[in-house]
Amino acid sequence: MLKVSNLSVSYSDVRVVDQLNLTLGEDEILMLIGPTGCGKTTVLRALAGLIPIQTGEISLSDWTASPQKHIAPEKRRVGMVFQDFALFPHLTVEQNVCFRLKDTTRADHWINLLGLEALRDAKPGRLSGGQKQRVALARTLAHAPSLVLLDEPLSNLDAALKDSLRWDIRHALKMAKVPAIWVTHDQDEALSVGDRIGILDKGQISQIDTPEQCFDKPQNRFVAHFLGEASFLPGQFSGENALTELGAAPIRQQPELTQGDVLFRPDDLSLHAVAEDGNGRIEWQRFEGESRLYAVTLDSGRLVKVRASHENAIAIGDRVAVNIATTHPLAVFG
Amino acid sequence: MLKVSNLSVSYSDVRVVDQLNLTLGEDEILMLIGPTGCGKTTVLRALAGLIPIQTGEISLSDWTASPQKHIAPEKRRVGMVFQDFALFPHLTVEQNVCFRLKDTTRADHWINLLGLEALRDAKPGRLSGGQKQRVALARTLAHAPSLVLLDEPLSNLDAALKDSLRWDIRHALKMAKVPAIWVTHDQDEALSVGDRIGILDKGQISQIDTPEQCFDKPQNRFVAHFLGEASFLPGQFSGENALTELGAAPIRQQPELTQGDVLFRPDDLSLHAVAEDGNGRIEWQRFEGESRLYAVTLDSGRLVKVRASHENAIAIGDRVAVNIATTHPLAVFG
Amino acid sequence: VNAVQQAVSVNSLPKLVGELTLYLGRGEGGLYENVLEAIKKRNPQLTLNIRRGGTAALANTIVAEAQAGVRRADVFWAVDTGAIGLMTDEKLAQPLPDDLTEQLKPGFQYAGWSPVTGRIRTLPYNTERVTAAQIPDDVMALADSDLQIGWAPAYASFQSFVTAMRILEGEDATAEWLKGVSGHAKSYAGELGVVMGVERGEVDMGFANHYYTLRLKAGKPDAKVDLAFTKNDAGCLVNASGIVALSEGDLPVNFIRYLLTQEVQSYLSSEAYEIPLVKGVAEPQGLVPLNTLSPPKIDLRKLADIRPTLNLMRKVGVL
Amino acid sequence: MRTWPKSYPLAFLIALLALLPVFVLMQLASDSAEIFDSRNLTVLGNTLALMGLTVVGAVMIGVPLAFFTAYVHMPLRRLWLILLAAPLAMPSYVGAFTLYFSFGRGGEIEQWLGIPTPPVSGLWGTALVMALYTYPFVMMTTRAALLSQDASLINASRTLGLSLGASIRRIVMPRLWNSVAAGALLAALYALSDFGTPAILGLDTFTRVIFVEYNAFGLSQAAMLSLQLMVIVILVLYLESRVKATPEQPGRHLLFWPTKVQRWLMQLAALPPFLLAIVLPLVIFVTWLLREGSGGFEWAYAWNSAYASFLAAMVAVVLALPVAHAALRGQAGRLMERITYFGFGVPGIVMGTALVYLGLKLPFLYQTLALLVIAYVLRFLPLAVGSVRTATENLDGGLVNAARVLGASPREAFMRVTLPLTLRGMVAGAALVFLEAMRELPATLMLGPTGFETLATYLWRVYEAGYFGHAALPGIMLVVISGFGLILMLSGERRTEFSI
Ligand SMILES: Nc1ncnc2c1ncn2[C@@H]1O[C@H](COP(=O)(O)OP(=O)(O)OP(=O)(O)O)[C@@H](O)[C@H]1O
Ligand SMILES: Nc1ncnc2c1ncn2[C@@H]1O[C@H](COP(=O)(O)OP(=O)(O)OP(=O)(O)O)[C@@H](O)[C@H]1O
Ligand SMILES: [Mg+2]
Ligand SMILES: [Mg+2]
């Protein structure tokens, strides 16, 4: 079990991670997301013992590190997949993966699973970006650490591989019963793979909860914006209802609020083209394969995003009628 | 206008790009996607003149390169954002971006737009992954090339930034009227930003067409699988209809085929939980924010993926009824 | 005729005027320097350019220059007679006037070059390990003594000494002698090393030019080393440093005259412990007077014939 | 479409220039009858043994010190670097002499402290002294490589559970071999060509045979023997060329912050080479200085030394660039680079004489400072080439590609990307040439302008005459000026620091 309390990290004078607290269960997977430069990699580096920490305490099953008591990285049994791979350029793929292994069966397992068989004897210099990432992944997982830190481990892989790999990794982590912190920029990944999601903003955790909770009940606008598309419309609240310019919407009751903004996800709204009237105009649209995302400028001037089937393509500038289509209560912010 | 004909590239003996043909209009953006290691980066490197080509011809407005006539990279006026950034470690962010610029206004423009103002004087060594990527992007765009090659330019950025940046880049490319080839692993990116998509498989182009065409009318199963989730069910075709184990489905007529597989996208099907009967069981499900993706093992043993609202969560192992819900004709393969 | 002739004084010499390039085949610390400084001071109109270097290296340079038709050196002052021999063999040396050569002691008068100072072969011995009486006065007897001997076979002075022995005693005797000594000898790089080895008691005695011992004792008065001499054989050979005029004219010759003056000779004798070779100059302190020694009579130019010596030493296996 | 790399013509010219002295040697040797004397076989054995031991010793001292100076954070880091590189400025014959003089029965150490010490002589003693005066070759080339290695690899290795020491062994060292080898090559060539040290310490090596011939005016035989020595040189060059590196991008630079105690211990361990190679000779000379007083020293000697050496260092580095560049472009370039090493493997006097013959072909240059600088460059070019090459070799081509895609010509890419990133190697190379030129003797004596006295020639003059007290001042000056030279060059290196 990992326990981090009041962790702060600075580079020279700049505090990059600020009083961070988190605990991780036996085999829990925490997805860490946040804007670039918010300190995700720094948190991982601190946990791995690669940079000194300024305040707080990090403890795993059998060690506790603090600013006074630095534990060397190699004593922590923490595995890390680096954002820039950090493959050993003088070793082949196989030698990289088997780096410290006596028994290479686990290495073979991961080499196979990650489709690196044909590249066993290649040096990192001639691998493609995705191949390098897979080697880095295999190396860490094969060394069976007691805590796994993954820094955007799949960012350079194609969607199909990414999709199957994230399940394989999750599976492996669960099987080995090791906790993991997984940094990602991919919302699908964050929402689907993790047991919990932590949203990091300027070195502090904004919300840490299950994917469903984070998505449906974001703590604040930052989280709402950061996970999925979000549009806000002002409304007057009365009990479980809010009155907005698009009409009445069911909301999650917040007794102390009588007015504020209602959070609409693109699928909470529907739209159809109209010859005349309607309540807005298409600002831009984007093809997403199975669906299309429309941005509509309402007549009030506010912009909302609406997801619709890919079949009906409405041209930019056309008038549309936007309606509230949700049946579940929406989140509101004061 | 870029014209590539019969381009082949090998590393020592291994042919990585094989007889590739493509043309790019004045200010067209081509999204290049494909599995890792399929040769995307290699294509870009060949276009930039960084590796010799074995056969074929590459021509841009004022030059033509062939195996006999190598044109030096610096003579091609081709800009490239490298997958591993390739920032100059001894130069600051500003010096990197202004590398060969006399007039730095364009550099300032991109530094601003990409939010690098505060990092002007930082050396790459202390940048986060996403920050590096933005610097690489700014550097290329600021140098105003006549063809832009982007190798996964946004893979390390968070979703929100990615989303806005891809529009900014598209916009800039269109404004400057430069054609671009943009390698990505992000399906949303591929489908939404590009004018056309090229799907590369083992060094050959499988299909090159508009996003809509590629998604709706994939040339072959590989393309279908690669762009979006795909399930196939066998059926008997008669005219514009196919009879499958889930019932009748509208198909795009293919006179020469009387039977084959029908391609179902997750939104072409619908499902609801049933106490008894139904036609399948939930194999796994995944939360995607606004929706949930279910994998259902039909009683025939085949697996289909169905997308449904995130509100109704059906437990794994529950029985469900899957129905065909599409109104538009589906693609079929012999 | 001039048995008790006084050496010439600098005061009686003509002033040197013009530019002169001296190749100085040895650097004697500040001492030669002081001599040259003094000459320059007396002759303000003389521009003296000095090029220093190893004697062999400078000799080779002069030969190379001559082959290329370039002449840079007017005078060549060399430590050992081998280099002088090369100059005369290559016909590069200008003849010297008789009145100059006649200033030198008998046996040191040559037409093509002039000896400047002499050095005598000595047997430095460790005063704690052996007494003077134990050192034989016949160098040939050392071959089968049981003394531990230090020598420097690669050193030019030693090779001149062997050459002298070869001339005096013949090839075979010399070969026997080398073989005999090598049985109880320790090799050093140079004769300074030999003297130091003796002083430190690594060996009982050694072969070295006299001045190394005198200088060592000057810096370290309690040094446990003293000098012994043999009689009438190569063991107490007096060899010389020499000077050759390479360009015609009076200036080089007159320059050489300065080196043979009373002042210069006695300065080198008292400060560098070199043996003055001009008639009527006192010998260095701490060295037994030259006239009490009995050096062998030998034409020093013959010492330049070093090739057979090397072959001999190689054959015996000491080189 | 294959065209000659742009650096080839220049490199070819330089290689040709480097080959000229060898041609002269061949011409000189053509008079010689004797090809090989079988009696020289034991001498050959001694030479090879000395070379081997020297390399081992230089690597064993130089590599740890490279780590110490590159990775350990401590006050006065640069001073340490300078002190540890200083042995290159001290002529090794001086060191050999003083060590011989201090150790052993009746040596100075026994006289002062009454502690008997083993003598420094024979094969082991010679190898020890040689290693003491050649380890900076290894230290400088290795340090330059260490500074450009990406530290994140050590981090990766440590998170995989490997201790720091083991990580260095398995991750840093294997990527370092080419730089170590480049330094070791220089040490080996130095050991092959040095005369003074083995002679003083009583080891019979090839150079002594050459020296005896030379002094007996058997110049042609000496040249022939030197050419034979070059066969060994070629062998060593070949062996070194087999060590290859994997290119990589430079990255974050690693720095360790040891505790006070650790730092003291490390500094204590780093001190002995400096004490033996620099302090001991100076102490001996100073005691003689006190006994017999100094005289005749002029400050101009110091200026002459510094000036000529500095010029040589700069020219050598500039010429090293195309050669190093060519070496990485192909077989032919590699060969050209190897040729430039010849000058360093031939004994100084023989090389000096060859250069006299060469210089005489250009009478307007003969005995001018310009020719002396050319001679230094011809002799010490390999010091610069080796350092520059290893630094460039380790650099991944990705950055150059990035520059070219931005429109920079290969030249511009080289100047603005490769060059700054390999500046460390260049500084190391310049420093090596500078230090080596400071102590160079034979060529200075034979080729410098008449009357041009340097610290090394003055030191030799007084040493040779046995006036050791006079050697103290030039000895100290050599070390001090080397220090200044190094500071000057290292300040150039500092500007490219891109570590955190
Ligand atoms: N220098 C090289 N030498 C030999 N093979 C190479 C070299 N560079 C790349 N390859 C191989 O060529 C193939 C294509 O590589 P490329 O980098 O073009 O892939 P990619 O499509 O960009 O993959 P990714 O999406 O992972 O970046 C890979 O299998 C790779 O291993
Ligand atoms: N060595 C360093 N010295 C100074 N500042 C640094 C250093 N490393 C990182 N930073 C700064 O600290 C902040 C956090 O960096 P970090 O790498 O943790 O970001 P991140 O959240 O991982 O971003 P990304 O998603 O882009 O990888 C950034 O603003 C970065 O510029
Ligand atoms: Mg990061
Ligand atoms: Mg790629």
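Note on naming: letters A, B, ... go to the chains in the order of the sequence lines (proteins, then strands), and numbering restarts at 1 for each one.
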Can you see which heavy atom on D:V405 is nearest to which on B:P73, and at what distance? N-CB, 4.5 Å
Separation of D:L421 CG from B:L91 CG (nearest 0.5 Å): 8.0 Å
Residues, nucleotides or ligands: over 12 heavy atoms within 6.0 Å of B:H109 NE2: yes
Tell me, side chain or backbone of D:A413 under 4.5 Å from chain B's heavy atoms, or both, or neither? neither
How far apart are the closest heavy atoms of D:S409 and B:E74, and which atoms are they? CA-OE2, 3.5 Å
Just so I know, are the side chains of D:N401 and B:M80 near enough to count as touching, which here means a heavy-atom distance under 4.5 Å? no
Could you walk me through whether D:L423 and B:H90 satisfy the side-chain contact (heavy atoms from CB on, under 4.5 Å) test, starting with their C-alpha distance in whole Å, then the side-chain angles of each, then the deciding distance to 0.1 Å, before giving a yes or no? CA-CA 11 Å; D:L423 197 67; B:H90 58 301; over 6 Å; no
Is B:R100 close to chain D through its backbone or its side chain, or both, or neither, when contacts mean heavy atoms under 4.5 Å? both
Interface check, chain B: of D:A403, D:G398, D:P410, D:A408, most non-hydrogen pairs under 4.5 Å belong to D:A408
May I ask you to check whether over 12 heavy atoms, not counting those of B:K3, lie within 6.0 Å of atom NZ? no
Is it true that atom CZ of D:F12 has more than 12 heavy atoms of other residues, nucleotides or ligands lying nearer than 6.0 Å? no
Where does B:F99 contact chain D at under 4.5 Å (heavy atoms): side chain, backbone, both or neither? both
Heavy atoms of B:R139 and D:A402 approach each other most closely as NH2-CB, 3.7 Å
B:P89 versus D:L399, closest heavy-atom pair with distance: CD-CD1, 3.7 Å
Taking every heavy atom of D:L406 against every heavy atom of B:F88, the minimum-distance pair comes out as CD1-CE1, 4.2 Å
Cut-off 4.5 Å, heavy atoms of chain D, and the answer for B:L149 is neither
In this structure, are over 12 heavy atoms from other groups packed under 6.0 Å from B:R120 atom CZ? yes
For D:F484, does the CZ atom have more than 12 heavy-atom neighbours from other residues, nucleotides or ligands under 6.0 Å away? no
